[in-house]
There are 2 protein chains.
Amino acid sequence: MHAQVIDTLKKNQLSITDSRKTILQLFMESDGALAHMDIENNTGEEFDRVTIYRTLQTFVEKGIIHTIPSADNAIRYALCKDACSEGHHHDNHIHFMCDNCSTTYCLDHVVVPSLQLPVGFRPSRTDMVVSGCCNRCSK
Amino acid sequence: MHAQVIDTLKKNQLSITDSRKTILQLFMESDGALAHMDIENNTGEEFDRVTIYRTLQTFVEKGIIHTIPSADNAIRYALCKDACSEGHHHDNHIHFMCDNCSTTYCLDHVVVPSLQLPVGFRPSRTDMVVSGCCNRCSK
DNA sequence: CGTTTTTTGCAACTATGTTGCAATGTGGTA
DNA sequence: TACCACATTGCAACATAGTTGCAAAAAACG
């Protein structure tokens, strides 16, 4: 587990630092997406707010995590799966945000349907955000 | 034009005030979506920041406008078209955000494809955010 | 026109995110 | 292992986004 964290950092030519190890570990242990606040809460006073922001930024740049758009003005991040971490652009994402527990899931295996845009619109990336009741809350 | 503004406000049982008239007018004159900042810039010092926030909130509650999720941490709002302003829940939206000029379009006429979610996930609303190059910028 | 109710503006506050810079830590090498 | 160059961190300060309580002002309504 911990080995995989260091492995990922090395693969992306990043220095091995406490904050990066801890934050990446957090992502690997959680199945949902994390917002900055979630990370701050989980690490306590260990790291400066700025460090967390910069670490997240770095991870996004390296393609380790990706952002999830939301309507509540809090950017969330989720791990990119192996299948899409080979440097490509994460063109399509489906995410599910639970109205009840606020957990955000990255539904990698659901296929993003293609759609017919009006003439002149050239898409480069598609985000689909489905909200509703998740599988744990609907039991 | 101005008549339609007052009409809409009356239909929704809202008091006719300067801020509501001005802001609703702005939405009707613009074809794209507006963020809080766009409105503040367009109205100058006329209204307090708080008033703009509360006006937008009121419009969302009445179903006059709807929010658009985004990954850049700025909530945008767009007018709801007549077809969907009859009090229903705006379950499906497709929006297009131009990487170049940042204009956000509400593509009402594009059909949101249905998709197969994993067992236990019950969707209530679907937002699709497509980014790329818009028809004006791609000329 | 006066009363009731709604809306506004102000002040203060929380959350979110960024930048510059000095201090510290990491990686590579002798 | 010690040293050096470079990357990363923490701090302070700032910028943007959004909320809440409350008194004053404006609408609505009779």
Side-chain angles (χ1 to χ4, degrees), chain A residues 2 5-26 33-62 64-77 97 102 104, chain B residues 2 5-26 33-62 64-77 97 102 104:
Chain A
H2 209 249
V5 168
I6 293 182
D7 222 53
T8 305
L9 292 175
K10 279 189 180 162
K11 243 186 249 167
N12 287 282
Q13 298 167 16
L14 293 171
S15 307
I16 316 292
T17 67
D18 281 355
S19 60
R20 287 178 181 162
K21 276 190 289 185
T22 308
I23 293 174
L24 186 49
Q25 178 90 26
L26 254 181
L34 300 174
H36 172 268
M37 241 323 174
D38 300 320
I39 294 166
E40 208 171 324
N41 291 339
N42 267 287
T43 55
E45 303 278 298
E46 198 172 350
F47 309 112
D48 194 85
R49 259 163 27 84
V50 179
T51 301
I52 298 176
Y53 279 114
R54 286 199 269 230
T55 303
L56 289 171
Q57 230 170 260
T58 306
F59 285 177
V60 169
E61 276 161 21
K62 292 291 183 177
I64 299 170
I65 58 178
H66 60 264
T67 61
I68 304 176
S70 77
D72 71 347
N73 201 48
I75 300 180
R76 286 153 197 279
Y77 303 85
M97 191 171 303
S102 288
T104 301
Chain B
H2 208 249
V5 168
I6 292 181
D7 222 52
T8 304
L9 292 175
K10 278 188 180 164
K11 244 187 245 168
N12 287 281
Q13 297 167 18
L14 292 172
S15 307
I16 316 292
T17 66
D18 281 355
S19 61
R20 287 179 182 163
K21 276 190 288 186
T22 309
I23 294 174
L24 186 49
Q25 177 91 27
L26 252 182
L34 300 174
H36 171 269
M37 239 326 171
D38 299 319
I39 295 166
E40 210 172 324
N41 290 339
N42 268 287
T43 55
E45 302 277 298
E46 198 172 350
F47 309 113
D48 194 85
R49 257 164 27 86
V50 180
T51 301
I52 297 176
Y53 279 115
R54 285 199 269 231
T55 303
L56 289 172
Q57 228 169 260
T58 306
F59 285 177
V60 169
E61 276 160 22
K62 292 291 183 178
I64 300 170
I65 58 177
H66 61 264
T67 60
I68 304 176
S70 77
D72 71 348
N73 200 48
I75 300 181
R76 285 153 197 279
Y77 303 86
M97 191 172 303
S102 289
T104 302

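In what follows, chains carry the letters A, B, and so on, assigned in the order in which the sequence lines appear, proteins first and then strands, with residues in each chain numbered from 1.
Of the two residues contacting DNA chain D, namely B/Y53 and B/D18, the nearest-nucleotide position lying further toward the 5' end is that of B/Y53.
Each of B/T8, B/I16, B/L26 was evaluated against B/K21; a single residue qualifies, B/I16, per the side-chain contact (heavy atoms from CB on, under 4.5 Å) test.
Between B/E40 atom CD and D/dT16 atom P the separation is 10 Å, expressed in whole Å. Whole-Å rounding puts the B/D38 CG to D/dG18 P distance at 12 Å. In this structure, A/K21 atom NZ and D/dT9 atom P are separated by 12 Å, rounded to whole Å. Between the P atom of D/dT9 and the CD1 atom of A/I23 lies a distance of 8 Å, rounded to the nearest Å. Between the NE2 atom of B/H36 and the C1' atom of C/dT16 there is a distance of 15 Å, given to the nearest Å. If you measure from atom CG of A/N12 to atom P of D/dA7, you get 16 Å, rounded to the nearest angstrom. The distance from atom CD1 of A/I39 to atom P of C/dG17 is 11 Å, rounded to the nearest whole Å. Rounded to a whole Å, the NZ atom of B/K10 is 14 Å from the P atom of D/dA27.
We find the CG-CG distance between B/N12 and B/D7 to be 10.0 Å, quoted to the nearest 0.5 Å. Annotation: the span from B/I39 atom CD1 to B/F47 atom CZ amounts to 10.5 Å, rounded to 0.5 Å.
Side-chain atoms of A/R54 come within donor-acceptor range of the base of D/dG10, with a qualifying N/O pair under 3.5 Å.
Within 4.0 Å of A/S19, counting heavy atoms only, lie sugar-phosphate atoms of the nucleic acid but no base atom.
Between C/dT7 and B/R20, a contact under 4.0 Å exists linking OP1 or OP2 to a side-chain N or O. Note on B/Q57: a side-chain N or O is less than 4.0 Å away from OP1 or OP2 of D/dT19.
Minimum heavy-atom separation, B/D38 to B/A35: OD2-N, 2.7 Å. Scanning all heavy atoms of the two residues, the minimum distance from A/S102 to A/R76 falls at O-NH1, 3.7 Å. Among all heavy-atom pairs drawn from B/R20 and B/T55, the shortest one is CG-CG2, 3.9 Å. Between B/R49 and B/H36, the closest heavy-atom pair is O-NE2, 3.7 Å.
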Derivation of the side-chain contact (heavy atoms from CB on, under 4.5 Å) call for A/L9 and A/F59: CA-CA 9 Å; A/L9 292 175; A/F59 285 177; 3.9 Å; yes

I'd like a table of atom pairs between the protein and nucleotides 28-30 of chain D - only N or O on both sides, under 3.5 Å - with the distance next to each one.
residue: D/dA28; atom: OP1; partner: B/I16; partner atom: N; Å: 2.7

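A heavy-atom distance below 4.5 Å is not found between the side chains of B/L34 and B/I65.
For residues 43-52 of chain A, proximity to DNA chain C is found at A/R49, A/V50, defined as any non-hydrogen atom under 4.0 angstrom from a strand atom.
For A/T55, the listed nucleotide lying nearest its side chain is D/dT9; candidates were C/dT8, D/dA17, D/dT9.
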